[in-house]
Asker: 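Let me begin by handing over the structure; questions about it come next.
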There are 2 protein chains.
Amino acid sequence: MSARNSSETARVIPEATVARLPVYLRALTALSESGIRTCSSEELATAAGVNSAKLRKDLSYLGSYGTRGVGYDVEYLRYQIAREIGVTQDWPVVIVGIGNLGHALANYSGFRSRGFRVVALLDADPERHDELVAGVAVQPFDDLESIVEEHGVAIGVIATPALAAQNVADRMVAAGISSILNFAPAVLTVPEGVDVRKVDLSIELQILAYHEQRKAHGAQGSLPDGVADGVPEVTEAAL
Amino acid sequence: MSARNSSETARVIPEATVARLPVYLRALTALSESGIRTCSSEELATAAGVNSAKLRKDLSYLGSYGTRGVGYDVEYLRYQIAREIGVTQDWPVVIVGIGNLGHALANYSGFRSRGFRVVALLDADPERHDELVAGVAVQPFDDLESIVEEHGVAIGVIATPALAAQNVADRMVAAGISSILNFAPAVLTVPEGVDVRKVDLSIELQILAYHEQRKAHGAQGSLPDGVADGVPEVTEAAL
DNA sequence: TAGATTGTTAATCGATTAACAATC
DNA sequence: TAGATTGTTAATCGATTAACAATC
């Protein structure tokens, strides 16, 4: 159990590759479920939505799990990637902020099936306490510390309004959480060693809008609905 | 209204910069709301969570909107960025798939306030039709084409199960939508010219898990809960 | 062996960063 | 003018891609 790989040499996996490993894992799972035992880098790349050169390069950081002239054993590669990511084990997770998004996250079956277990739902609003969401009772936010300690929680999800997010993050970090998935539209400041990933719905839409605007080609052309070009007035709310 | 900039020269803005513009916009809005009229690149960079060199480089792709020795006029820069992104206008959006996540998205106030207007909520399940979500009635998915045409919808949001996603995307594209925000855990194939951005909750968690695993440093150390190292068995569901 | 496909190399491309000249 | 801060340059770093030698 100590050596994870026969040829253990402090592999450094580029961030861009790390971000794609879960995509490969999902593609391999799909292939496996449709009964496919073996695949080429070309086939797997297509299923994952990347090109095969990138796929092979990515996999090369993990080791040599393929067979030249043949391809990859789907089950074997799937396990190797799952182990590399760390989802062969079970990660206890807490979700803070049980509004609309918190509900959706709590009910998301994809967490459970991919190595994550929601051990607690927390909310500062007493009105929400004891409500059952996806079979789990909503608890007071102040229970955070005891829950983190009891379950050894390392990953926290923030689904609160923007204004509450930094305080929640501070409390999470103080409680021992060192990885945070942040859905609140706020910039979080955390100590070194704590990882924060951000999912921001309106930012994604704005990126699409930028490209969409350019497609309707540049300056000219039909702009949708309420064009307000030249009027220096934009209103953006806090949340 | 034809020339968007006095010195219009087909500016090419790098993707990485485009992805950060909405972050700057949000930071400027926050500064503006706290009554700040002027800021330096250092201050804005801190508010946006980047370093000031990157901020200035990013802004330089838009033009010269600052004053040396002084800094940036918050309102002016905010408007310039909003215009560049395209959120000085109103973008009609449809959301398809009104399950938990669809509900959360429909209720998300951040869309409306940032230049997006949800004009329709669609679902293939008749059980959900006519239900009011955030004041909007859920309509049959088959109404997609007429709604897209009526409102000039260019951006669609997919919040369906994975299996339905490709079909929804195909229909969206056929109806004239050319930007898609996909929340379904599926790889979408779309024609050239159509933009797809993907938000995948479990992939974000898996990336965090990877880093978390390495923090508990490498092979040794206390691994949380149900360690299953060496057992080549992972189960990942389709959704 | 001949055909197929991996794993790796090297070239290219794009993003980040530090430093500083320009200039308010 | 002196101090401050932008906008830009150039160096560095990391990611992508094509091509192909290794090898099943």
Asker: Side chains of A:Ser41 and A:Arg56: any donor to acceptor distance under 3.5 Å?
Answerer: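 A donor-acceptor contact under 3.5 Å links the two side chains.
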Asker: Salt bridge (Lys or Arg N to Asp or Glu O under 4.0 Å) with A:Arg197: which residues, sequence neighbours excluded?
Answerer: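 Counting only residues at least two positions away or on another chain, A:Arg197 forms a salt bridge (Lys or Arg N to Asp or Glu O under 4.0 Å) with B:Glu204.
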Asker: Does anything in residues 52-60 of chain B come within less than 4.0 Å of DNA chain C? Heavy atoms only, and list the residues if so.
Answerer: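 Output list: B:Ala53, B:Lys54, B:Arg56, B:Lys57.
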Asker: Without swapping roles, check the side chain of A:Lys215 against the backbone of B:Ser178 for a donor-acceptor pair under 3.5 Å.
Answerer: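 The answer is yes, because a donor-acceptor pair under 3.5 Å joins these two groups.
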Asker: So is B:Arg114 actually on top of B:Phe116's ring, under 6.0 Å and inside 45° of the axis?
Answerer: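 Output no; distance or angle outside limits.
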Asker: Which is the 5'-most and which the 3'-most nucleotide of DNA chain D that has an atom under 4.0 Å from a heavy atom of chain B?
Answerer: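 Nucleotide range with atoms under 4.0 Å of chain B: D:dA4 to D:dT9.
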Asker: For B:Thr67 and A:Ala16, take the nucleotide of DNA chain D holding the closest heavy atom to each; which residue's nucleotide lies nearer the 5' end?
Answerer: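 On the 5' side of the pair lies B:Thr67.
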Asker: Tell me what A:Glu42 touches on the nucleic acid: a base, only sugar-phosphate, or nothing, going by heavy atoms under 4.0 Å.
Answerer: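 Here A:Glu42 touches no strand at all.
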Asker: Return one dot-bracket line describing DNA chain C 5' to 3' (Watson-Crick or G-U wobble pairs, both distances under 3.5 Å; ( ) same strand, [ ] crossing, | another strand, . none).
Answerer: ..||||||||||||||||||||||
Asker: Who pairs with B:Lys57 by salt bridge (Lys or Arg N to Asp or Glu O under 4.0 Å), at least two apart in sequence or on another chain?
Answerer: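 Salt bridge (Lys or Arg N to Asp or Glu O under 4.0 Å) check on B:Lys57 returns nothing, list empty.
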Asker: Would you say the side chains of B:Ser179 and B:Asp195 form a donor-acceptor pair under 3.5 Å?
Answerer: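 The criterion, which ignores hydrogens and geometry beyond distance, is not satisfied for B:Asp195 and B:Ser179.
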Asker: Would you kindly compare A:Arg20 and A:Arg68 by the position of their nearest DNA chain D nucleotide and give the one closer to the 5′ end?
Answerer: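 So the residue in question is A:Arg20.
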Asker: Under the 3.5 angstrom rule, does the side chain of B:Asn167 hit a backbone N or O of B:Arg171 as a donor-acceptor pair?
Answerer: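 Absent.
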Asker: Among residues two or more places apart or on two chains, list those pairs meeting salt bridge (charged side-chain N to carboxylate O under 4.0 Å, His left out) that have a residue in residues 158-170 of chain B.
Answerer: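 Applying salt bridge (charged side-chain N to carboxylate O under 4.0 Å, His left out) to every pair that reaches into residues 158-170 of chain B, excluding sequence neighbours, yields nothing.
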Asker: Where do A:Ala19 and B:Ile203 come nearest, in terms of heavy atoms and distance?
Answerer: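 Scanning both residues completely, I find the closest heavy atoms to be O-CG2, 4.2 Å.
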Asker: Indicate whether the side chain of A:Ser32 and that of A:Arg37 have a donor and an acceptor atom separated by less than 3.5 Å.
Answerer: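 No pair is found: no donor N or O on one side chain lies under 3.5 Å from an acceptor on the other.
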